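Structure, as structure tokens:
All of these numbers come straight from a predicted model, not from anything done at the bench.
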Amino acid sequence: MPPPARAARRELKHLVRKLGPGSRPAQTVQALAKVLQLCNDAADEDFMVAVAAAGATPPLLKLLRSGSSADVQRMAALALWGLTDSDDIAIIIAAAGGIPPLVQLLGSGSSAAVRKPAVGALQALSRNAKTAVTIAAAGAIPPLVQLLGRGSSAEVHECSAGILCNISACAAGSLAIAAAGAVPLLVQLLQPGSPVAVLNNAAATLASIADWNAENAFAIPAAGAIPLLVQPLGPGSPALVQLNAAGALLNLARNESEDIIIAAGAIPALEQLVGPESPERVRMVASDALAALAE
């Protein structure tokens, strides 16, 4: 281990003590800033594990609470977001009660600077299926749907849609997302010009919503999604985007949207995807979609 890394680890316990209740606000801010700097400088999972092992998680979670200043909440959420790069630490954060305070920061009472790291941390936490259910149970769906709107940055759109996608992996989550009004906002994120990661997460969430409930599957075409899902099937799109767009069309075709999908020109685009140049998974989903459209 290089000497700077050893020195940084020695400094951690001292900094963690300054995050506790006995420190003055200025000391807390300085300690948070230093922890963030050390994490950014190290940029590896082993160091994040060392931060957690030094006892940083409980005081960081306490600093998310409403009694902290917006700047302290922002820095604490940023630190937790960095720690969630490790799946093991993400589980520890969730088990320590980290989800409710992060969800609380998604609301309109928080600034955009605070909401961004909070939603980023929650996206990382939602990679675990059980934790995704816990996030939904903590009341995250309504504020996440609001964050899909035009006032959010592309990164917040990406993270919010990513969390909703993970929540939608179960039927109850999918239904709750649609009931909260997510469908038209997700469709809006499919518009040309959306960043690839945003487009991908929106398409994947719509695919999941269409899979679980026929009524929701009818709402998606009604919101104008079909042409926007056909467009990214083209050769200029990344394979993962093609996969999720084709998956959404497959699930919609199974719910009586065949005529709209065919009229939007999906068949030639899907036929292109079954060629040998496409990854196997893309070929399979495109082939299934073509079969569903032929029924």
Checklist entry - In Å, rounded to the nearest 0.5 Å, how long is the span from CG of L102 to CD of Q123? => result 13.0 Å

Checklist entry - Counting only heavy atoms not in Q27, do more than 12 sit closer than 6.0 Å to its CD atom? => result yes

Item to check | N/O donor-acceptor pair under 3.5 Å between S257 side chain and I260 backbone | outcome: no

Checklist entry - Within the distance-only criterion (no hydrogens, no angle test), does the side chain of H157 pair as donor or acceptor with the backbone N or O of G149 below 3.5 angstrom? => result yes

Next on the checklist: Please determine whether the number of non-hydrogen atoms from other residues, nucleotides or ligands lying under 6.0 Å from atom CD of E280 exceeds 12.
Outcome noted: no

Next on the checklist: Test: salt bridge (charged side-chain N to carboxylate O under 4.0 Å, His left out). Region: residues 120-131. Which pairs qualify, not counting sequence neighbours?
Outcome noted: D87-R127

Checklist entry - Does the side chain of S208 pick up a donor-acceptor pair with the side chain of S168 at under 3.5 Å? => result yes

Checklist entry - Got a donor-acceptor contact below 3.5 angstrom from the N255 side chain to the N251 backbone? => result yes

Item to check | Side-chain donor/acceptor of S278 to backbone N/O of V274, under 3.5 Å | outcome: no

Checklist entry - Could you walk me through whether L249 and L293 pass the side-chain contact (heavy atoms from CB on, under 4.5 Å) check? => result CA-CA 9 Å; L249 292 170; L293 291 171; over 6 Å; no

Checklist entry - Between Q272 (side chain) and P235 (backbone), is there a donor-acceptor pair under 3.5 Å? => result no

Checklist entry - Looking only at atom types and distance, does a side-chain atom of N166 sit under 3.5 Å from a main-chain N or O of A132, one as donor and one as acceptor? => result no

Next on the checklist: What's the separation between atom OG in S237 and atom CD in Q231, rounded to the nearest 0.5 Å?
Outcome noted: 8.0 Å

Checklist entry - Between S152 and L147, is there a donor-acceptor pair closer than 3.5 Å when you use the side chain of the first and the backbone of the second? => result yes

Next on the checklist: Apply side-chain contact (heavy atoms from CB on, under 4.5 Å) to residues R283 and L273 and explain how you reach the verdict.
Outcome noted: CA-CA 6 Å; R283 293 199 305 270; L273 293 182; over 6 Å; no

Checklist outcome for this item: Sorted by chain and number, sequence neighbours left out, side chain to side chain donor-acceptor pair (under 3.5 Å) with D71 holds for R74

Item to check | Option among I93, V16, L83 that satisfies the side-chain contact (heavy atoms from CB on, under 4.5 Å) test with L60 | outcome: L83

Checklist entry - Crowded around E271 CD? As in, over 12 foreign heavy atoms under 6.0 Å? => result yes

Checklist outcome for this item: Residues pairing under salt bridge (charged side-chain N to carboxylate O under 4.0 Å, His left out) where one sits in residues 100-117, two or more places apart or in two chains, turn out to be K116-E155

Checklist entry - When you measure from the side chain of Q242 to the backbone N and O of G234, does any donor-acceptor pair fall under 3.5 Å? => result yes

Next on the checklist: Rounded to the nearest 0.5 Å, what separates atom OG1 in T134 from atom CD1 in I167?
Outcome noted: 10.0 Å

Item to check | Minimum heavy-atom distance I135-V103, with the two atoms named | outcome: O-CG2, 4.4 Å

Checklist entry - Given the rule in the side-chain contact (heavy atoms from CB on, under 4.5 Å) test, do L190 and L206 qualify, once you have shown the distances and angles that lead to the verdict? => result CA-CA 10 Å; L190 300 176; L206 288 169; 3.7 Å; yes

Checklist outcome for this item: Value for CG (L229) from CG (N244), rounded to nearest 0.5 Å, stands at 10.0 Å

Item to check | Exam field: side chain W81 to backbone P117, donor-acceptor pair closer than 3.5 Å | outcome: no

Item to check | Rounded distance [0.5 Å steps], CD1 in I226 versus CG in L252 | outcome: 4.5 Å

Checklist entry - Between the side chain of S126 and the main-chain N/O of I163, is any donor-acceptor distance below 3.5 Å? => result no

Next on the checklist: Go through it in stages, so that I can follow the logic: the residues are L32 and V72, the test is side-chain contact (heavy atoms from CB on, under 4.5 Å), and I'd like the CA-CA distance, side-chain angles, deciding distance and then a yes or no.
Outcome noted: CA-CA 8 Å; L32 273 171; V72 166; 3.8 Å; yes

Item to check | Shortest non-hydrogen separation from S160 to V119 and the atoms involved | outcome: OG-CG2, 3.6 Å

Next on the checklist: For a quick test of reading the model, state the closest non-hydrogen atom pair linking A76 to L63 and the distance between them.
Outcome noted: CB-CB, 3.9 Å

